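This report refers to the structure that appears directly beneath it.
Basis for what follows: all heavy atoms, side chains included, without hydrogens, waters or symmetry-related copies. Index from 1, following the sequence. Quick caveat: nothing in here was measured; it's all calculated off a predicted structure.
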Amino acid sequence: MYYTTGFRRDEIQDLVAIVYEQDQRDATEARLSWPPVLGLFWSVVITLAYLRGNRVQWELAETYGVSQSTVSRAITGVTPLLAQALRSVVPTAEELRADRQYIIDGTLLPCWSWAAVPGLWSGNHRTTGVVVQVAATLEGQLSWISDPTPGSRHDLYCLDQSGALDHLATYPPIGDKGYIGRGMLTPFKKPPGRELLDWQKTFNKSLNHTRATIERVIAHIKSWKVLHTDYRRPYATFKTTISAVIGLIFYALT
């Protein structure tokens, strides 16, 4: 079950309890947010399996012996509850510590191209999706993930919108060349008509070696395939799905 969902059975049972409590808080009348034929436990399992592997609903239906519509109802009901219930474990930009240095980078979370949703095309990544900013410590500890912005937006815009830099004045964060102009530690750009000086090349090499840490952190985040391969459900549900997965990632770190 761990390799299907990313959690052991006892951890899933804890998540089931959290989801149930959230459902009771949200309920305005007696209702179930998940299909009765599955029950809450298997609805959570199916939702986790979907998020972990971005699996096709028909495949999940065949695996768990139910209809595709039942799988769809489970994912639709449980995902928002996970996002809401785990919100408290997700750090905000204000919680980034001023006495620590972070590495920051942006990454694209791909989705289908929706004609009714402009601004998803990322010229840098040559596909459609949304962008999030990720901060990690120099030791590789995931510390913060921003809210998503349309893929057409530059990393600088996304970082400015997040307000993260407002709390990191003491130790400038490390970033790539896309963050030049925000007081961060970034590599030197090659000047027009000449090469970098030797000490600048050495600095760039050292900084890029340090920045490799954030690439590994982002790769870990994208082990949740729903954030790594095209999101197929309606775009209106994408932000909630991202929030649910981010909540699960930080929940696993607690």
Side-chain angles (χ1 to χ4, degrees), residues 91-113 117-225 227-231 242 246 249:
T92 64
E94 291 77 10
E95 294 176 77
L96 291 171
R97 291 172 50 179
D99 63 344
R100 299 204 67 168
Q101 188 167 41
Y102 296 95
I103 313 168
I104 294 178
D105 200 5
T107 188
L108 185 88
L109 313 180
C111 67
W112 277 357
S113 177
V117 187
L120 293 178
W121 175 259
S122 169
N124 185 36
H125 296 88
R126 309 300 297 173
T127 190
T128 48
V130 297
V131 175
V132 294
Q133 302 296 299
V134 180
T137 65
L138 300 183
E139 297 77 25
Q141 178 185 349
L142 175 64
S143 302
W144 168 75
I145 303 175
S146 74
D147 291 334
T149 55
S152 62
R153 293 293 192 176
H154 192 276
D155 279 337
L156 271 180
Y157 173 88
C158 304
L159 189 57
D160 288 344
Q161 289 295 109
S162 74
L165 292 181
D166 298 340
H167 310 282
L168 302 175
T170 305
Y171 295 96
I174 296 169
D176 62 22
K177 294 176 184 177
Y179 296 101
I180 289 175
R182 291 300 186 273
M184 296 172 60
L185 290 178
T186 59
F188 289 100
K189 278 187 175 180
K190 181 180 176 181
R194 69 174 178 85
E195 295 293 325
L196 291 173
L197 300 174
D198 287 343
W199 73 267
Q200 292 174 320
K201 292 179 181 178
T202 300
F203 176 86
N204 283 3
K205 183 177 180 179
S206 176
L207 199 67
N208 289 334
H209 178 75
T210 302
R211 284 191 56 257
T213 300
I214 194 69
E215 301 298 336
R216 292 191 290 270
V217 171
I218 289 173
H220 174 72
I221 292 169
K222 290 193 170 183
S223 64
W224 291 85
K225 298 300 183 184
L227 302 185
H228 183 57
T229 52
D230 277 354
Y231 185 73
I242 294 169
I246 290 174
I249 291 170

Are the side chains of L227 and V132 in touch, meaning some heavy atoms are under 4.5 Å apart? no

Would the number of heavy atoms belonging to other residues, nucleotides or ligands and lying under 6.0 Å from CZ of R153 be above 12? no

Within a strict 4.5 Å, meaning less than it, do heavy atoms of the D155 and L159 side chains meet? no

Which residues share a ring-ring contact (aromatic ring centres under 6.0 Å, His included) with F188, sequence neighbours left out: W199, F203

For T186 against D176, the heavy-atom pair lying closest together: CG2-O, 3.3 Å

Tell me whether K201 at atom NZ has more than 12 heavy atoms from other residues, nucleotides or ligands lying less than 6.0 Å away. yes

Roughly how far, to the nearest 0.5 Å, is NE2 of H154 from OG of S122? 10.0 Å

When every non-hydrogen atom of I214 is compared with those of A135, the smallest separation belongs to CD1-C, 4.2 Å

Check: E95 side chain, T92 main-chain N or O, donor-acceptor pair, under 3.5 Å: yes

Give a yes or no on whether the backbone of I174 and the side-chain of Y179 come within a donor-acceptor separation of less than 3.5 Å. no

When every non-hydrogen atom of G129 is compared with those of L108, the smallest separation belongs to C-CD1, 3.8 Å

Hey, what do you get for CD (E195) to CD (Q200), rounding to the nearest 0.5 Å? 11.0 Å

OG1 on T128 to CG on L109, rounded to 0.5 Å: 11.5 Å

E139: what forms a side-chain hydrogen bond (donor to acceptor under 3.5 Å, both in side chains) with it, not counting sequence neighbours? R100, T137

Would a 4.5 Å heavy-atom cut-off, applied to side chains only, mark I103 and P173 as touching? no

For a quick test of reading the model, state the closest non-hydrogen atom pair linking N208 to P187 and the distance between them. OD1-CG, 3.7 Å

Spell out, as yes or no, whether a donor-acceptor pair under 3.5 Å connects the side chain of S152 to the backbone of W121. no

Can you name the nearest heavy-atom pair linking A93 to S162, along with the distance? CB-O, 3.8 Å

Are the side chains of H220 and L142 in contact, using a 4.5 Å heavy-atom criterion? no

Spatial distance of atom CD1 (I246) from atom CD1 (I221) [nearest 0.5 Å]: 7.5 Å

For the SG atom of C158 and the CD1 atom of I104, what is their distance to the nearest 0.5 Å? 12.0 Å

Which heavy-atom pair separates G140 from V217 by the least distance, and what is that distance? O-CG2, 3.5 Å

Any donor-acceptor pair under 3.5 Å from T202 side chain to D198 backbone: yes

For H228, look at atom NE2 and say whether over 12 heavy atoms of other residues, nucleotides or ligands are found less than 6.0 Å away. no

Main chain of T127, side chain of H125: is a donor-acceptor contact present, judged purely on distance under 3.5 Å? no

Rounded distance (nearest 0.5 Å) linking atom CD of Q141 with atom OG1 of T213: 12.5 Å

Between T149 and D147 (side chain of the first, backbone of the second, donor and acceptor by atom type, cut-off under 3.5 Å), is there such a pair? no

Take a 6.0 Å sphere around CZ of R194 and say whether it holds more than 12 heavy atoms from other residues, nucleotides or ligands. yes

Are M184 and L168 close enough that some pair of their side-chain heavy atoms sits under 4.5 Å apart? no

Side chains of L120 and C111, heavy atoms from C-beta outward: is any pair under 4.5 Å? yes

